[in-house]
Number of protein chains: 2
Amino acid sequence: MANTQARPTLADVAARAGVSKSLVSLVMRGEPGAGTDTRRRVREAADELGYQPDSRARLLRSGRSRLLGVVFGIQHAFHVDLVTALYTAARDRGYELALSAVTPDRDEAEATAGLLQDRCEALIMLGPQTPAPALAQIATRLPVVVLARGVRGLDVIRTADADGLHQAVDHLALLGHQRIAHIDGGRAPGAADRRRGYREAMHAHGLRRHVQVVPGGLTETDGATAAHTLLDDNEPPTAVTVFNDRCATGVLDVLARAGARVPDQISVVGFDDSHLARLAHINLTTIAQDVPAMTELAVARAVDRINGVAVAHPTSVVAPHLVVRGTTGPPPA
Amino acid sequence: MANTQARPTLADVAARAGVSKSLVSLVMRGEPGAGTDTRRRVREAADELGYQPDSRARLLRSGRSRLLGVVFGIQHAFHVDLVTALYTAARDRGYELALSAVTPDRDEAEATAGLLQDRCEALIMLGPQTPAPALAQIATRLPVVVLARGVRGLDVIRTADADGLHQAVDHLALLGHQRIAHIDGGRAPGAADRRRGYREAMHAHGLRRHVQVVPGGLTETDGATAAHTLLDDNEPPTAVTVFNDRCATGVLDVLARAGARVPDQISVVGFDDSHLARLAHINLTTIAQDVPAMTELAVARAVDRINGVAVAHPTSVVAPHLVVRGTTGPPPA
DNA sequence: GTGAAAGCGCTAACAT
DNA sequence: ATGTTAGCGCTTTCAC
């Protein structure tokens, strides 16, 4: 249970195989320039000793870490989805991820500082709350790519939030809904754009007088509160678009307890298509953010910056799309 | 936006402050042995240059990383709670966390391999699925602490799962319930012990003939399925203990949709006291795992092993406790 | 209280 | 195809 023996080094392997360190180095990295027989002997020696290269030393010497730092909110369902996809995207381009979580007890500054010391080659920040100037300051030291939040002058990958709400309202209007409300995300990243999209779409459908924006937020609790507000209404809406899926589950929960049948009495549309929405018993109609596209763009952008490739447009906007599931239907007769 | 300038090194700071590298090294680490005035000058020079020590070089030289590797399932609500607390526990002992997530596309072996290369001084694995022999193999290379799963011969920190279910059944029996069912966790870590605790407690209360174990699982979907099974019953139970909170939310959701009032018609008890259970609209009565105690023990154990401290008992068991919220009450008359 | 020198494990540049 | 040398940025002796 104790690990008393010191780890073998490259020199140990070299001695055992009877060759120089350089050869071992080449073989371990799979580079050409070593004879077939030498190759085999080195491999054997390494296996026998249980040798594992020390990435710190390796990266210190080569001057690169091939590490992308990721700052994310571990409590956010959608961030979890993004991180999952980022792992894949990074691996495809030969990079590793260094995760640094924001928790109630560990703020963004602390999470970011850790990654800077690890000599990540770039930072990918998910929906950061850090003020734009502070982000810009960090960006003078290494490339920073911001995901899911708009920040002027920085590399940003984001969803066409307003467009998403157009799609949501279009869908509901087509089903025949008129009294369509929006539970918004307050100051959360993307909330302003989604609110705007909702308003524009309502206007476009001639439903201006039915516009109703209810204060909400990012969490289940925010959704629950907003749902109570809606139910207290004399003439509650027949459909509601919600800032995100997590908030929408709070809404659904309160509706179910109040005996309001979904979608017969009221339709609900979420946003994100996070894993929450796909759960069989939730089965939420939602606006899907294109996670694979966003994460691949984010990694690609980070790598481009690392390599000094010129970038035409710092902001990339990804189209969302409607996913119809079980929480939307025609309005009650 | 490009980071053209090279990062400043310790030598740069030394030159700027007009002192030797050694002094700068001392000051940056907050070690004693430098004059007050020198200290100030060094600090200034470092700030002006925006110097950040290179952790790789630092650790390479000192032979230590002060890094604890954590392998966790990013999709699991309870793991998220544990990671959050681990950050705090590690910081209190002067360690950092290196996170490596298990995702649908990235298995435990891959997550673990990454951390081994980073020269973590110990590994903390949350509810690992890796077979015991493979874990033991890793443990020959560095200290491994397993959280939330029992593994013979390894360092384990776990909750007294059976005891937790005793408390749940006691609570329900005291309220007057007799037909108490258990939705189990299948092959999940801890599931067998919780099932056993349920059976024992039912026997202790003379409710042997009411024992009913329904197949469940870890996720919301598993809970939803199990709830349907219960509702199809001729004589459904008046109370149900569920493997974990996540699964319990699925149960609650289905019950609400079916018009079953909680707790008037049926009481529900979860397990974990994850952040899910505390949400105002869920308000789930549950068996709380003592997350601060578990994480502190885990970090303490890892640090003890790193320092070669003798450990009397490899397995530490932490007591859970009942948290009564809104989903339990007396059985229907 | 301060500085000079050695070297952590590895890769890169230059031999042979 | 193989070996030798230097040095990444830092901490650690050991002098002064």
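Scope of the values below: all heavy atoms of this structure, side chains included, with no hydrogens, waters or symmetry mates. These numbers come from a predicted model, not from an experiment. Labels below follow one simple rule: chain letters A, B, ... track the order of the sequence lines, proteins then strands, and each chain is numbered from 1.
- In terms of phosphate contacts, R58(A) brings a side-chain nitrogen or oxygen within less than 4.0 Å of OP1 or OP2 of dT11(C).
- For K21(B), the side-chain atoms get nearest to dT11(D) when compared with the rest of dG3(D), dA6(D), dT11(D).
- Contact check, T9(A) against dG9(C): no side-chain N or O comes under 4.0 Å of OP1 or OP2.
- Atoms CG (L26(A)) and P (dA13(C)) sit 13 Å apart, rounded to a whole Å.
- When the P atom of dT11(D) is taken as reference, atom CE of M28(B) falls 9 Å away, rounded to whole Å.
- Between S20(A) and dT2(D), a side-chain N or O to OP1/OP2 separation shorter than 4.0 Å is absent.
- Among the atoms of the strands shown, base atoms are found under 4.0 Å from some heavy atom of S22(A).
- Between E48(A) and R16(A) there is a salt bridge, since a side-chain N of the basic residue sits under 4.0 Å from a carboxylate O of the acidic one.
- Considering only side-chain atoms of S62(B), the nucleotide from dT11(D), dT2(C), dA6(D) that sits closest is dT11(D).
- Comparing atom distances between the A57(B) side chain and each of dG9(C), dT2(C), dG9(D) picks out dG9(D) as nearest.
- Spacing between atom CG of D12(B) and atom C1' of dC8(D) amounts to 13 Å, rounded to whole angstrom units.
- Between R66(A) and E121(A) no salt bridge is recorded (no basic side-chain N to carboxylate O distance below 4.0 Å).
- A salt bridge is defined here as a Lys NZ or Arg NE, NH1 or NH2 lying under 4.0 Å from an Asp or Glu carboxylate O, and D37(B) with R40(B) meets this definition.
- A salt bridge does not link R56(A) to D54(A): none of the charged nitrogens lies less than 4.0 Å from a carboxylate oxygen.
- Here the nucleotide nearest the side chain of L60(A), chosen from dG9(C), dT11(C), dG3(C), is dG9(C).
- Atom CD in E31(A) sits about 10 Å away from atom C1' in dT11(C), given to the nearest Å.
- Between L59(B) atom CG and dG9(C) atom P there is a gap of 13 Å when expressed in whole angstrom units.
- The existence of a salt bridge linking R91(A) and D105(B) is confirmed by a sub-4.0 Å separation between a basic side-chain nitrogen and an acidic carboxylate oxygen.
- When rounded to the nearest whole Å, the span between CZ of R64(B) and C1' of dC8(C) equals 15 Å.
- Within 4.0 Å (heavy atoms only), G35(A) reaches sugar-phosphate atoms of the nucleic acid but no base atom.
- Rounded to a whole Å, the CG atom of D54(A) is 17 Å from the P atom of dC10(D).
- Across all strands, R56(A) comes closer than 4.0 Å to no nucleic acid atom at all (heavy-atom distances).
- Rounded to whole angstrom, the span from the CZ atom of R61(B) across to the P atom of dA5(C) amounts to 16 Å.
- Taking only side-chain nitrogens and oxygens, S25(A) never comes nearer than 4.0 Å to OP1 or OP2 of dA12(C).
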